Structures are given as structure tokens and as C-alpha cells.
2 protein chains.
Amino acid sequence: MPLPQTEMPGRLQAHFAERGIRMTQQRRAILRVMETANKHLDAAHLLRKAQKLDASVDRSTVYRTLKLLKRHGLIDELDLMHINGEGHYYERKLNRDHIHMACLGCGKIMEFVSDIFEKLKGQVEKDCRFRIVVSRLEIGGYCAECSK
Amino acid sequence: MPLPQTEMPGRLQAHFAERGIRMTQQRRAILRVMETANKHLDAAHLLRKAQKLDASVDRSTVYRTLKLLKRHGLIDELDLMHINGEGHYYERKLNRDHIHMACLGCGKIMEFVSDIFEKLKGQVEKDCRFRIVVSRLEIGGYCAECSK
DNA sequence: ACTCCAGTTGCAATCGAGTCGCATCTGAGC
DNA sequence: GCTCAGATGCGACTCGATTGCAACTGGAGT
């Protein structure tokens, strides 16, 4: 299930420039981590990784930057079915939405892109006259291995 | 967008009996609230309503009962896109899953049942060989009125 | 290069949802 | 009724996230 994994690198920074958002040393570190992360960072991991690039980054700056990114629709916030506690996970918003599946057996997170999902969103927009800004489909269950 | 709103009343209590789960005064109050609630109760509201039926109900009992209901697959846990803070919302699990739409303008929560959603879940189960236990599709955006 | 200030930051205190340990209590099977 | 596994209330606690505030800084204007 390949995904359109990487947009242009530096894209988040570019967005900031376009929108006239001030670029600080700390934000640069945080954005770089977001851009290069494999996936599914929570705030604590993001903080730790960002501090390796700039030791001065503070927890509250991470949260404030995440809120900023969310407000601009540049990242998605995930729960991953609360498989590991109550916190949230973040990933760059890519071109296509994808479904997150969390295995209740082994904790693995899988992703899936589906035309039917796109069709479903189209139906919601049309039938409910609802303008979709953000959507999140999370599924909990058991992967092939854990189903045996 | 009509929903299969009400199952047989007292259904949650019946489930408890079937499964040999002890029925206490406090649980009776909490289940009654869950059964008669319109929808989308958070833990604090559930506590307040349950205390009107039985003043002795404690916050931790509400949380413990919610956890129990979740474990037995009798309720669904929702975030409703965190439109009102970080807490969770609960509703009885009905026959058919439905989509939750949260309006970022007016805060209204809408629901929608779709065959395409069922088809999508079928696709996930087949293509990913993933056995679905619970699924949650939440959409944030703007309703017809707020879109104007 | 210098100034300026709105916007940003670090820090520490705080909030609030949810959890836990423990002594006490109680439902339901005998 | 007795009994005791399981449930409860209470208070302390955890932990993710937020906030108030004084100090700092990016970058636009000169």
C-alpha cells in the first residue's frame, strides 16, 4: 500500500514564508523534524527530536507550533485509537487523505489509501451539503498476523 | 438523514445480565442515562445526570463503567474533532456505524449513515486482511448554513 | 547597520481529563 | 442470612496540554 510519501522537502517552511508567518530558530527545528519524520510523532517525541537540532526548544513552543500548523491545515492530528495512552499524534498533511488502522494485538499502525474513501467524502459533501475541511478515519482491529 | 435511533430500551442492562456482570445501584443509574440520552455525552455530563438518579455516583465509577462498556463493545468513544476541548464523548453502539460531522462554525454535530462507508470497511477488511473491531470516521468542516 | 515592536519564547505554575491505591461496602450465589 | 469476589468512594496522583508573564528576537522600515 504505497503512499505519496514525500512532498517537496522544505514544504512546511515554504508555506510559512508564503503566508508571512515569522520563521524563528525554534520553529525551523520543529518544522524540520516534522518534514523528515517517518510518521506519527507525538508531542513528546517531536520535542526531543527538535531539541537535538536546537536545545533551546521548549515544550510549550512545540505545542504552540503544532496548534499553528493545525490552524493552517498543514498537519493532521491523530489519536490512533488511543492504543498508546491518551496523547495525540501528528503527521504532515499530504495530497491524499488516508485511513489509519491500529492493530489491537500488536500495536502496529497501518495506512491505506482508497478511492472509496474519496467517494464517501464526496457523498457527504453533496448529500449533507457539508464543506469538508478535515477528515479522520481510524479503525481498530486485528491485522493478518494477529488474526490467526 | 434518519438513524436507527433507538434500540430496545433497557438493552444495556440486558447485556449486563446476559454476560453475568454484576448490576449495582450506581451502574443502573449510569446505564439508564446512557440509554435515554439523546447523544454525545461526555464523562462530566454523564456524571451529573447519573447523580440526579443516584447521588452517590462518583466520578471514578463513571470512568470505570465507561471502560467496562467500551471493553464489551457496547458504546463508541468519540472525539468530535475536539471541537469542545480534549475530552471524549460516548454513545451507545447501534446496529450501523455512522459518520460524525462537526461544524467548525456553529459547533453542531451531524450524523450520516452511508452504504459507501460499509463498502469502504469491506474493502479494508479484504484488501488489508484486517479484522475490524471498531471504526471511527469524524469529519470537520462547515455545515450548509455556516458555508454561506 | 540601526531601531523598533508585534510576535515569539522559556519558564513555572496551572488546568483538567482520566487513573490508581486502598479501606470499605454490597450484590448475588449458596 | 452468610460470604466474599468484585464494586465503590475518596483523595492523591499522573500526564498531556495550556497559560501568564517578563524577556527576547525576526524582519520590516529607515
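This structure is a prediction, so every number in the text was calculated from the model and none was measured.
With distances taken from any side-chain atom of A:Arg27 to the nucleotides D:dG9, D:dA17, C:dT8, the minimum falls on C:dT8. Nearest nucleotide to the side chain of A:Arg22, out of D:dC10, D:dT25, C:dG18: D:dT25.
Remark: B:Lys67 is not positioned above the aromatic ring of B:Tyr63, lacking an NZ or CZ atom under 6.0 angstrom from the ring centre and at most 45 degrees off the axis.
Distance A:Asp54 CG to D:dC24 P: 16 Å, rounded to the nearest Å. To the nearest angstrom, C1' of D:dC15 lies 15 Å from CG of A:Asn84. D:dT18 atom P lies 14 Å from atom CG of A:Asp58, rounded to whole Å. Between the CZ atom of B:Arg19 and the P atom of D:dG6 there is a distance of 18 Å, rounded to whole Å. Across the protein-nucleic acid pair, B:Arg28 atom CZ and D:dT8 atom C1' stand 15 Å apart, rounded to whole Å. In this structure, B:Glu86 places its CD atom 8 Å from C1' of D:dG16, rounding to the nearest Å. Per the geometry, NE2 belonging to A:His82 stands 10 Å off P belonging to C:dT19, to the nearest Å. Between B:Gln13 atom CD and C:dG27 atom P the separation is 14 Å, expressed in whole Å.
Between B:Phe16 and B:His72, the angle of the ring planes lies from 30° to 60°, which puts this pair in the tilted group.
When heavy atoms are screened at a 4.0 angstrom cut-off, B:Ala43 is found touching the sugar-phosphate backbone but no base atom.
The side-chain contact (heavy atoms from CB on, under 4.5 Å) test with B:Leu74 is passed by exactly one of B:Arg19, B:Met34, B:Arg92: B:Arg19.
For B:Leu66 against B:Leu46, the heavy-atom pair with the smallest separation is CD2-CD2, 3.7 Å.
OP1 and OP2 of D:dG6 both lie 4.0 Å or more from every side-chain N or O belonging to B:Thr24. OP1 or OP2 of D:dG16 has not a single side-chain nitrogen or oxygen of A:His88 nearer than 4.0 Å. Regarding contacts with the backbone of C:dG10, a side-chain N or O of A:Gln26 is found under 4.0 angstrom from either OP1 or OP2.
Remark: aromatic rings of B:His40 and B:His45 are distant, center separation not under 6.0 Å.
A:Asp97 has no carboxylate O lying under 4.0 Å from a charged side-chain N of A:Arg136, or vice versa, which leaves the two without a salt bridge.
Near DNA chain D, meaning a heavy atom under 4.0 Å from it, residues 59-70 of chain B has B:Arg59, B:Ser60, B:Thr61, B:Arg64 in order of number.
Take the nearest nucleotide of DNA chain C for B:Met23 and for B:Tyr90: the residue whose nucleotide is more 5' is B:Tyr90.
Side-chain contact check for B:Met101 versus A:Ile132: every heavy-atom pair is 4.5 Å or farther apart.
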